[in-house]
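Okay, structure first, notes after.
When reading the values below, keep in mind they use all heavy atoms of this one structure, side chains included, and skip hydrogens, waters and symmetry mates. Sequential numbering from 1 along the given sequence is applied to the chain's residues.
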Amino acid sequence: MSSSNRTRPLSPHLTIWRWGPHMAVSIMHRVTGSGMATVGAILLVWWLVALASGPDAYASFQDVFTYQSGGLNALGYLFGIGLTLTLFQHMASGIRHLVMDTGANFELKGNKRSAQLTWAFSIVMTLIFWVALLVGKN
């Protein structure tokens, strides 16, 4: 019998662990970190090239994220808000992981609560950031 035809045993943890907010936050921490590194690096390079290329190139870069032909570019704002939410979620989750690295917050109730608080923190901080940004613009 070839090795590809054998049934492999499942790890025992797959049958006893239930999906919870703490698992989702841990996975999202990795996803947001990878996403910010990739997307953030591309945007940073694009911004620097536009900045170095002169006022017309920089205006084109800004048009993508703010106004297009005199009108609001909702897709650019949505992308910016999503990136900001990702930043705050990753930051809150990183702080949560830092606290857990000290040996604290492993009780199920506290662990679940801190995972949920990372989502609340990221949403509230994103709202505060964008309200301050848009109000300060006017």
Quiz prompt | Donor-acceptor contact below 3.5 Å, side chain Thr32 vs main chain Met28 | solution =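 Present.
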
Exercise. Examine distances only and state if a side-chain atom of Ser114 and a backbone atom of Asn111 form a donor-acceptor pair shorter than 3.5 Å.
Key: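 Looks like yes, one N/O pair under 3.5 Å.
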
Quiz item: Can you tell which of His90, Gln89, His97 makes a side chain to side chain contact (heavy atoms under 4.5 Å, CB included) with Thr118?
Solution: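 Only match with Thr118 under side chain to side chain contact (heavy atoms under 4.5 Å, CB included): Gln89.
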
hydrophobic_cluster_shared for [Y] and [X], side chain cutoff 4.5 Å:
{"X": "Met91", "Y": "Leu127", "result": "no"}
{"X": "Val31", "Y": "Leu85", "result": "no"}
{"X": "Leu133", "Y": "Ile128", "result": "yes"}

Give me the atom names and distance for the closest heavy-atom approach of [X] to [Y].
{"X": "Ala115", "Y": "Arg96", "answer": "N-NE, 3.5 Å"}
{"X": "Phe106", "Y": "Met100", "answer": "CE1-O, 3.2 Å"}
{"X": "Thr84", "Y": "Gly80", "answer": "OG1-O, 2.7 Å"}
{"X": "Phe121", "Y": "Ala92", "answer": "CD2-CB, 3.4 Å"}

Min side-chain heavy-atom separation [X]-[Y] under 4.5 Å:
{"X": "Phe129", "Y": "Thr126", "value": "no"}
{"X": "Leu43", "Y": "Leu83", "value": "yes"}
{"X": "His29", "Y": "Val25", "value": "no"}
{"X": "Val49", "Y": "Phe61", "value": "no"}
{"X": "Trp47", "Y": "Leu51", "value": "yes"}
{"X": "Phe79", "Y": "Val64", "value": "no"}

Could you tell me the separation between the [atom1] atom of [X] and the [atom2] atom of [Y], rounded to the nearest 0.5 Å?
{"X": "Ser93", "Y": "Leu98", "atom1": "OG", "atom2": "CG", "value": "11.0 Å"}
{"X": "Met125", "Y": "Leu87", "atom1": "CE", "atom2": "CG", "value": "9.5 Å"}
{"X": "Trp46", "Y": "Ser53", "atom1": "CH2", "atom2": "OG", "value": "12.5 Å"}
{"X": "Ile95", "Y": "Leu117", "atom1": "CD1", "atom2": "CG", "value": "12.0 Å"}
{"X": "Arg113", "Y": "Glu107", "atom1": "CZ", "atom2": "CD", "value": "10.0 Å"}

Quiz item: Looking only at side chains, do Ser34 and Arg30 share a donor and an acceptor under 3.5 Å apart?
Solution: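 No, because no side-chain N or O of Ser34 sits under 3.5 Å from a partner of the opposite role on Arg30.
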
Quiz item: Is the number of heavy atoms from other residues, nucleotides or ligands under 6.0 Å of Leu44 CG greater than 12?
Solution: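 Check passes, neighbour count above 12.
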
Practice problem: Decide side chain to side chain contact (heavy atoms under 4.5 Å, CB included) for Ile123 and Phe88; before the verdict, give the C-alpha distance in whole Å, the side-chain angles of both, and the deciding distance to 0.1 Å. | Solution: CA-CA 8 Å; Ile123 291 168; Phe88 284 122; over 6 Å; no

Exercise. In sequence, state the C-alpha distance, the side-chain angles, and the governing distance for Tyr77 and Leu134, and then conclude on side chain to side chain contact (heavy atoms under 4.5 Å, CB included).
Key: CA-CA 11 Å; Tyr77 275 101; Leu134 295 175; 3.8 Å; yes

